[in-house]
Structure formats: C-alpha cells, structure tokens
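For reference, the structure is listed below as structure tokens.
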There are 2 protein chains.
Amino acid sequence: MTKQFSTVWLREARPAKSTGRSRDEIVHAAVELLDADGLDGLSMRRLGAKLSAGATSIYWYVANKEELLELVYDEIWGELRLPEPTAETWRVTASAFAHDMRRVILRHPWSASLIGRLPALGPNALGAADTLRRSFHLAGFEGLEIDYANTTLTSYVFGITIPEVAWAQKVAETAYPDESIRETVALLAADYPDLASRMNEVHNSDVDSVREIAFSFGLDAVLDGLSARLVA
Amino acid sequence: MTKQFSTVWLREARPAKSTGRSRDEIVHAAVELLDADGLDGLSMRRLGAKLSAGATSIYWYVANKEELLELVYDEIWGELRLPEPTAETWRVTASAFAHDMRRVILRHPWSASLIGRLPALGPNALGAADTLRRSFHLAGFEGLEIDYANTTLTSYVFGITIPEVAWAQKVAETAYPDESIRETVALLAADYPDLASRMNEVHNSDVDSVREIAFSFGLDAVLDGLSARLVA
DNA sequence: ACCTGAACACCGTTCAAGT
DNA sequence: ACCTGAACACCGTTCAAGT
C-alpha cells in the first residue's frame with residue numbers, strides 16, 4: 001500500500017541526443033494546452049495528439065500524470081525574475097518575489113490548482129527558495145527562522161493569489177458579471193448588512209485595482225511583521 | 001459560452017417534509033466518503049451507491065458535482081468555533097480563527113483542494129467572515145481596510161496550511177518516509193548546501209512541532225503587521 | 001530505445017422513461 | 001415529485017506487440 005517517496009526529479013531525463021522526443025518538448029506542449037484550456041484541457045490523450053504521438057507514448061518519459069504536472073509546475077517557478085539578494089535590501093527582494101509570483105500565477109491560472117498539491121522540488125523552485133533564503137539570512141534571520149520567514153511570505157502570496165485566480169475565472173465565464181454577481185452576493189449576504197454594504201463601496205470597474213491595493217496592504221503587513229521579528 | 005453566475009446557495013433546498021432524500025443526508029454521506037478516501041473517493045456513482053440510490057439521482061438535488069462540493073466545503077466553515085468578537089480582543093479572535101481553521105483543514109485534508117477553487121458563499125462561510133469583520137472593525141479598522149485585514153489573515157492561514165496537508169499526505173503514503181524523504185531532498189538540494197544542511201537541523205520526530213512553531217511564528221508576524229497598520 | 005493500439009476500469013452528465 | 005438505467009463522451013493507466 002505504501003511506496004517509495006518518488007518525484008520526477010529523481011528520474012534521469014533522456015540524453016539530449018536521444019532519437020525520441022524530449023522532456024522539454026513534452027513540457028512545452030503541456031503548458032500550451034494548460035494556458036489555452038486550463039487544467040481540464042490537459043489530458044494524456046490530448047497531449048499525445050498535440051505531439052502527433054500515440055496517447056500513451058508519454059509514459060515513456062514520465063511515470064504518470066502527476067509527474068508531468070511536477071514538470072509543468074516547475075516552469076512556473078522558472079518564470080520568476082528575482083534580484084541577487086546581495087544587490088538589494090531584503091524587503092526589496094521579498095517584495096519582488098511576492099509581486100512576481102502573483103503575476104506569474106495570474107498569467108497561468110492553472111498553476112493555482114497545482115500549488116500546495118505538488119511538492120516544489122524542481123530546480124527552478126529550489127533556486128527561488130534559495131534566493132529567498134539567502135536574502136532573509138542577509139536580513140539577519142538565523143537558523144530555522146530563515147525558513148519560518150520564508151514560509152510566512154510565500155504562504156501569504158499563495159493564500160491571497162489562489163482564490164483571486166479562481167474568482168477571476170468564475171467572473172470570466174459568467175455573462176454580465178457586474179450585475180449578476182453583485183445581485184447574487186447581495187441576496188446571500190442579506191443577513192449581514194455590513195458585508196452587503198461593503199460590496200457597494202467597490203465599483204466593479206475598480207475591482208482589479210482594489211485587488212492590487214489589498215495585495216500590497218497585506219504584503220506590507222507581512223513584511224512589517226517580519227521586520228518586527230528581526231529587532232526583537 | 002458564458003452563463004449566469006450560479007451557486008448552490010441560490011437553489012432552494014427541498015422542503016424538509018419532502019418524500020425524497022434531503023440535502024443534509026447527501027452532504028453527510030459525501031463528507032464521509034471524502035474523509036475516508038479523499039477527493040478521489042467522491043464520485044457521483046459512489047455517493048449514489050452509499051445512499052442506496054441510482055448514481056444519477058443526486059442530480060435532482062444538485063446541478064452538478066461542483067455544487068455538491070460547494071455544499072461540503074461550507075461544512076468545513078461550519079466546524080469553526082469562533083468567540084464573540086465583543087468578548088475578546090481582536091488578536092484573540094483572529095488567532096482563534098487561524099488556529100481553528102488550520103485544525104479543521106488538517107482534519108479534513110480534502111478541503112485543502114477546495115479552498116480557493118470554490119466560492120465561499122455558504123451560510124457558514126459568510127458567518128465566519130462576518131465574525132472576523134466585526135472583530136477587525138472593533139479593533140479600529142475602517143471601510144475597505146476591514147476587508148484587507150481579513151484577507152491578509154485568511155490568506156496566510158490558507159497559504160501555509162494547504163501545502164502542509166499535501167505534504168502530510170505524501171509522507172503518509174510513502175514507506176519509511178524518514179530516510180526516504182531526507183535522502184531525496186538531500187540529493188535534489190545538492191547544489192544548495194544551505195537548504196540541505198537545514199534539513200538536518202530538524203529531526204523527523206519533531207516535524208509536527210516545528211510546523212506548529214512555524215505557523216505561530218508567521219501568525220504573530222501577520223498580527224503584528226496588522227497592528228502596525230492600526231496605529232499608523 | 002521508443003512507440004502503438006487495444007483494453008480495463010473508471011469518470012460526469014444527459015435524457016427518456018418509469019412510478 | 002422523485003428516481004432509474006442506458007448511453008455518450010470522455011478519463012488515466014497497463015501491457016503485449018511492434019519497429
């Protein structure tokens with residue numbers, strides 16, 4: 001019933017000069033499917049077809065779909081552009097990571113469903129984690145507190161961005177979202193006048209900028225809180 | 001292609017004296033399946049069978065599986081036990097929510113996959129949100145900042161707990177996780193001596209308490225950061 | 001070494017038909 | 001009003017067989 005701990009990253013990639021398809025080719029095709037049609041758009045059959053291959057030939061490169069997802073997930077981490085920790089203050093580096101991660105997730109909405117479900121053990125994820133850790137170390141954190149600080153920051157970013165994506169998708173697929181959603185929430189929140197009235201403070205046209213403001217508000221709070229841990 | 005914004009919560013529940021099955025009955029059966037076998041354990045066919053009903057009779061009560069998941073998701077929110085905001089300081093209330101939410105998610109690991117994917121518009125979710133909002137209002141936050149504070153807190157809790165669940169499940173299903181995982185991470189993090197050495201600071205037996213400490217560390221940071229927003 | 005196709009054991013959902 | 005069963009269009013994965 002239990003098995004070895006396994007991950008794609010322990011599976012050797014096929015040598016580059018191999019005659020067959022490459023892992024890169026497969027991953028890129030998969031990302032294209034995901035960007036175009038979301039998580040449901042990626043099936044082993046569709047991916048096979050896209051590569052003009054039999055549906056099951058992918059299993060030569062990957063043990064199962066989970067491993068394929070590990071590969072595409074690491075692509076997300078690869079899109080981050082972080083500064084060298086030594087070149088900036090820790091707040092700048094942390095803040096760059098936060099905004100960049102959010103941007104990348106919003107650009108690849110399917111990634112939101114992968115975060116936390118899959119271990120982030122790919123080279124890009126490890127590289128980003130290392131950059132953050134070095135930055136927090138330079139800030140003055142020591143030992144396990146480096147990891148705690150790291151976890152605090154990434155948790156906040158993931159926790160705020162994941163629902164943001166889901167909501168955006170739901171909005172995107174509903175007709176006349178402005179009236180439709182406002183009306184729905186008003187009905188459901190009838191018992192909570194506070195909540196209902198708050199809805200009306202935000203005009204739907206502002207919704208994106210309110211999200212940005214909310215993100216920055218929380219990020220500043222998190223960074224201030226970490227800062228406080230530093231002087232203590 | 002686009003449709004109305006829809007949610008189960010706008011669908012009237014069948015009257016209690018109805019001759020058929022009740023929504024409650026269905027939801028409880030679904031939660032039992034989920035607790036026993038996780039998200040993959042819940043299929044419309046299996047749920048039908050558990051209710052000694054045809055596989056498709058559930059569609060009388062619910063438009064689709066998504067709506068069923070909305071129902072079970074709200075059960076999670078219903079397990080929270082929050083204090084009356086007026087009875088405690090906002091830090092106590094916020095902290096109670098944070099620890100309680102984490103506990104509930106860890107107890108129902110399948111819920112981690114639902115968070116952020118589904119709108120939280122059920123009565124229990126709205127009730128909890130209202131409690132938090134009132135507490136932040138009493139603390140001194142005004143207008144949209146009440147929501148920002150609320151979002152910051154819940155984002156942190158979700159963001160740290162979701163990966164925790166996934167990791168715990170992965171550990172649970174691997175044989176000899178201690179050696180197995182340590183060895184794997186050591187191999188993959190070979191290029192990052194920092195990361196690798198950190199692994200060895202934590203003995204695997206401590207892993208649960210380290211998680212608790214990490215959670216509290218971040219929570220304190222978040223609460224301090226919100227506090228700072230209050231005096232500014 | 002790499003790929004195929006058939007087959008297995010599943011899914012969610014629709015819909016006509018039953019009571 | 002409530003439930004059924006057959007059918008449709010899919011899944012991920014295994015495996016013997018091909019080149």
Side-chain angles (χ1 to χ4, degrees), chain A residues 1 3-4 6 8 11-27 29-30 33-34 36-73 110 113-114 117-118 173, chain B residues 1 3-4 6 8 11-27 29-30 33-34 36-73 110 113-114 117-118 173:
Chain A
M1 180 184 163
K3 331 146 246 187
Q4 277 292 108
S6 80
V8 231
R11 190 180 308 281
E12 282 301 317
R14 301 279 150 193
K17 49 158 168 215
S18 150
T19 82
R21 266 159 266 266
S22 74
R23 190 177 268 189
D24 263 18
E25 210 181 330
I26 291 171
V27 171
L33 280 178
L34 287 165
D37 301 313
L39 207 53
D40 294 340
L42 178 65
S43 74
M44 299 306 258
R45 287 164 215 262
R46 293 237 284 150
L47 181 56
K50 184 161 183 128
L51 294 164
S52 327
T56 57
S57 57
I58 299 143
Y59 285 91
W60 182 257
Y61 298 90
V62 129
N64 48 42
K65 195 179 181 183
E66 180 99 356
E67 287 200 355
L68 175 63
L69 292 175
E70 276 192 90
L71 291 174
V72 297
Y73 181 33
W110 48 269
S113 313
L114 265 30
R117 244 187 59 197
L118 262 35
E173 67 193 19
Chain B
M1 182 186 160
K3 331 147 246 190
Q4 275 293 106
S6 80
V8 231
R11 192 179 306 282
E12 282 300 317
R14 300 279 149 193
K17 50 158 167 214
S18 149
T19 82
R21 266 158 265 267
S22 73
R23 192 177 264 189
D24 263 20
E25 210 181 331
I26 292 170
V27 171
L33 280 178
L34 288 165
D37 302 313
L39 208 53
D40 294 340
L42 178 66
S43 74
M44 301 305 258
R45 286 163 216 263
R46 294 235 287 149
L47 181 56
K50 184 162 182 127
L51 294 163
S52 328
T56 59
S57 55
I58 299 144
Y59 285 90
W60 182 257
Y61 299 90
V62 129
N64 47 42
K65 195 180 181 183
E66 181 99 355
E67 287 200 357
L68 176 62
L69 292 175
E70 276 192 271
L71 291 174
V72 298
Y73 181 33
W110 47 269
S113 313
L114 265 29
R117 245 187 58 197
L118 261 36
E173 69 192 16

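Here is the naming used below: chain letters follow the sequence lines, and residue numbers restart at 1 for every chain. None of the values given here were measured: they were computed from a predicted structure.
The residue A:A53 sits close only to the backbone: its heavy atoms come under 4.0 Å of sugar-phosphate atoms, none of a base. B:T19 comes within 4.0 angstrom of the backbone, heavy atoms only, and of no base.
D:dC8 is paired with C:dG12 under the criterion used here, namely a Watson-Crick or G-U wobble arrangement in which both key atom distances are under 3.5 Å. Shown here, D:dT19 forms a base pair with C:dA1; the pair counts as Watson-Crick or G-U wobble because both key distances fall under 3.5 Å.
Here A:E173 contributes atom CD and B:S6 contributes atom OG; the two are 9.0 Å apart, rounded to the nearest 0.5 Å. Between atom CD1 of residue A:I58 and atom CG of residue A:L68 there is a gap of 7.0 Å, rounded to the nearest 0.5 Å. Once rounded to the nearest 0.5 Å, the distance linking CG of A:D40 with CG of A:L34 reads 10.0 Å.
When atom types are taken as modelled, the side chain of B:R46 and the backbone of B:G41 share a donor-acceptor pair closer than 3.5 angstrom.
Nearer to the 5' terminus of DNA chain D, by closest-nucleotide assignment, is the contact made by A:S43 (compared with the other of A:S43 and A:A63). Of the residues near DNA chain D, A:L42 and B:R45, the one whose nearest nucleotide (by heavy atom distance) lies more toward the 5' end is B:R45.
Put simply, the residue from B:V8, B:L118, B:N64 that forms a side-chain contact (heavy atoms from CB on, under 4.5 Å) with B:L69 is B:L118.
Looking at B:W110 and B:V72, their side chains come closer than 4.5 Å, going by heavy atoms from C-beta outward.
First and last contacting nucleotides of DNA chain C toward chain B (any atom under 4.0 angstrom from a heavy atom, 5' to 3' order): C:dC11 to C:dT14.
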